[in-house]
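As structure tokens, the structure follows; a few thoughts come after it.
Below, read A as the first sequence line, B as the second, and so on, with proteins coming before strands; counting in each chain starts at 1. The figures here come from the full heavy-atom set of this structure, side chains too, leaving out hydrogens, waters and symmetry mates.
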There are 2 protein chains.
Amino acid sequence: MRKAEFDRAEVLRKAMLAFQKKGYARTSMKDLVAATGLHPGSLYCAFENKRGILLAAVEQYQADRAAQFEACIQGRDPLGGLRAYLDSVVSECACCDPNGACLVAKAINELAEQDEEVQARLSDIMTDLEVAVHDLFVRACEASPEPVEPDARLRARFFMMGIYGLRTYGHTHPGRDVLQALADELFRAVTRGLSGTEGLT
Amino acid sequence: MRKAEFDRAEVLRKAMLAFQKKGYARTSMKDLVAATGLHPGSLYCAFENKRGILLAAVEQYQADRAAQFEACIQGRDPLGGLRAYLDSVVSECACCDPNGACLVAKAINELAEQDEEVQARLSDIMTDLEVAVHDLFVRACEASPEPVEPDARLRARFFMMGIYGLRTYGHTHPGRDVLQALADELFRAVTRGLSGTEGLT
DNA sequence: CTTTATCTTGATCAAACATTCAAATACATC
DNA sequence: GATGTATTTGAATGTTTGATCAAGATAAAG
């Protein structure tokens, strides 16, 4: 036996960056070879083919992103956590370097209706984050004495929708202030009627 | 002299559909030849190169989309027009055939940070629609006796952001009811405090 | 009808593409 | 340290790509 010599997560992060920069179709194997430092044969041995590299990179992306989300909500109340995560997304969008683009959003826009398995995997990842967001909204809603409208599920969906919209919108407007104002508005909309936010305009 | 034999708008609409289905990079010249019915030479003669076809198709897309928007707001009050346009977007997203995807949103997600000119053109198109939306919000805000918060500009931006978010979100959730609920929530958020909407939850 | 300018046609091109493979290499186990 | 197995290497494969071009076709002008 023999173990692979490279660090899988590290290689996949480099591949991630390549895909984020150029998208899936435009990123050639040559690009991936250059980005990862591995030779074609090694890449094929480890990931089957180009599509396999994307799937693995997407998997790694989810892990990294889940950790980022966890870091945002650590030690904060539910709404504070969401606010922190939202601000981190704004920061990503505002600095217009290509690494700020969300691999999942980019890939699903590029590959929707083309590759069922990839699309399903991307949908799952988006849903995982939505579930985590949903949990926070459930907790926030429970803090209220009476049932609130809309329910936590719709709030979570709206929050996710807003984030994806923010990302696309960010491609056209480099101004951080505009994105921040939109994020503020999103947060306001999504926390409407929740305890701790009554006094806000 | 001799005039081109094909109908430019019609050819560009076919090219549009091809790009919407597969994205820019994955749509080959062969695909475009098949989709348009023109021969390679004719395409290159008329549009310079593949990139030129995209730019021309995007131009055509804007024209068609502006007409669609105009049709939605014709004969309605400002907010009614926005509502109608939003519903038409929901219908596009809900039927998950690839033609429902917005060419501009798809292209800007694929090509951002890669082709400055294309990105600028796409941004302009997005801004044009935002300007039209802004006009409607200005009119809606003026109907109110006192100054409203937030202002028409932010409302318009938020509306656009919501639509792009809805489109991305739609790639993962075929359920029309969910998209409709999100659109309803978006409309509610964006018309907050505007006359004619006070009584709504 | 002839000329002239333009458009159409489809075969053709070099470059880029994803992928494969056999040989060389290095690890884990015995 | 020898053996067996898995990885690494990088050149080679056949295909597809975006683009070209000379020959043929067609309409307008004289």
Side-chain angles (χ1 to χ4, degrees), chain A residues 1-58 60 103 106-107 110-111 114-118 121, chain B residues 1-58 60 103 106-107 110-111 114-118 121:
Chain A
M1 301 280 192
R2 188 185 168 194
K3 275 173 44 184
E5 283 175 2
F6 57 86
D7 176 350
R8 191 183 158 94
E10 200 176 318
V11 162
L12 287 177
R13 280 198 197 95
K14 288 173 182 165
M16 265 173 44
L17 290 182
F19 284 132
Q20 281 172 326
K21 221 172 287 205
K22 301 229 236 165
Y24 176 68
R26 238 188 166 73
T27 302
S28 67
M29 273 296 162
K30 213 177 147 195
D31 291 333
L32 290 169
V33 165
T36 61
L38 268 58
H39 293 250
S42 299
L43 283 171
Y44 278 90
C45 176
F47 305 110
E48 179 91 10
N49 52 29
K50 184 181 167 186
R51 186 166 165 279
I53 302 177
L54 177 72
L55 281 167
V58 154
Q60 182 65 46
L103 178 61
K106 194 163 171 124
E110 179 178 349
L111 299 175
Q114 278 192 80
D115 185 321
E116 239 178 87
E117 187 188 346
V118 171
R121 193 68 202 93
Chain B
M1 301 283 191
R2 188 186 168 194
K3 275 172 44 184
E5 284 173 3
F6 58 85
D7 177 349
R8 190 182 158 93
E10 201 176 318
V11 162
L12 286 177
R13 280 198 199 95
K14 288 173 182 166
M16 264 173 43
L17 290 183
F19 284 133
Q20 282 173 325
K21 222 174 290 212
K22 301 231 237 162
Y24 175 69
R26 239 190 167 71
T27 302
S28 68
M29 273 296 161
K30 209 177 152 197
D31 291 333
L32 290 169
V33 165
T36 61
L38 268 59
H39 293 249
S42 300
L43 281 172
Y44 278 91
C45 176
F47 305 109
E48 181 90 7
N49 51 30
K50 184 181 167 186
R51 186 166 165 279
I53 301 178
L54 177 72
L55 281 167
V58 154
Q60 182 65 45
L103 178 61
K106 198 169 166 115
E110 180 177 349
L111 301 174
Q114 279 193 78
D115 185 321
E116 240 178 86
E117 187 190 346
V118 170
R121 193 69 202 92

Round to a whole Å and report the spacing from [atom1] of [X] to [atom2] of [N].
X       : N      : atom1 : atom2 : result
B:Tyr24 : D:dT17 : OH    : C1'   : 12 Å
B:Arg26 : C:dC17 : CZ    : P     : 14 Å
A:Asp31 : C:dA16 : CG    : C1'   : 11 Å
B:Tyr44 : D:dG18 : OH    : P     : 7 Å
B:Leu43 : D:dC21 : CG    : C1'   : 16 Å
B:Phe47 : D:dG18 : CZ    : P     : 16 Å
B:Asn49 : C:dC13 : CG    : P     : 22 Å
A:Leu38 : D:dT9  : CG    : P     : 7 Å

Would you say that more than 12 heavy atoms from the other residues, nucleotides or ligands in this model lie under 6.0 Å from the NZ of A:Lys14, or not?
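Yes, NZ of A:Lys14 has more than 12 neighbouring heavy atoms, counting only those of other groups under 6.0 Å.
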Please tell me which of the listed nucleotides, [options], lies nearest to the side chain of [X]?
X       : options               : result
A:Cys45 : C:dT8, D:dT17, D:dT8  : D:dT8
A:Pro40 : D:dT20, D:dT8, C:dT19 : C:dT19
A:Ser42 : D:dA19, C:dT19, D:dT8 : D:dT8

A:Leu55 vs A:Glu48, test: side chain to side chain contact (heavy atoms under 4.5 Å, CB included). Steps then yes/no.
CA-CA 11 Å; A:Leu55 281 167; A:Glu48 179 91 10; over 6 Å; no
B:Met29 vs B:Ile53, side chain to side chain contact (heavy atoms under 4.5 Å, CB included): CA-CA, chis, key distance, verdict
CA-CA 10 Å; B:Met29 273 296 161; B:Ile53 301 178; 3.8 Å; yes
Begin with the C-alpha distance, continue with both residues' side-chain angles, and end with the deciding distance and a verdict on side chain to side chain contact (heavy atoms under 4.5 Å, CB included) for A:Lys106 and A:Phe19.
CA-CA 9 Å; A:Lys106 194 163 171 124; A:Phe19 284 132; over 6 Å; no
Would you say A:His39 reaches D:dT8's phosphate, i.e. side-chain N/O to OP1/OP2 under 4.0 Å?
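No, no such contact exists.
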Does B:Ser28 make a side-chain N or O approach to OP1 or OP2 of D:dT17 shorter than 4.0 Å?
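It does, given that an N or O in the side chain of B:Ser28 lies less than 4.0 Å from OP1 or OP2 of D:dT17.
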Can you name the closest pair of heavy atoms from [X] and [Y] and give their distance?
X        : Y        : value
A:Ala18  : A:Leu32  : CB-CD2, 4.1 Å
A:Lys50  : A:Thr27  : NZ-O, 2.8 Å
B:Gln114 : B:Glu110 : NE2-O, 2.9 Å

Please produce a list of atom pairs where a protein N or O lies less than 3.5 Å from an N or O of nucleotides 13-15 of chain D.
none

How do A:Arg51 and B:Gly37 order along DNA chain C: which one's closest nucleotide is nearer the 5' end?
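Nearer the 5' end of the strand: B:Gly37.
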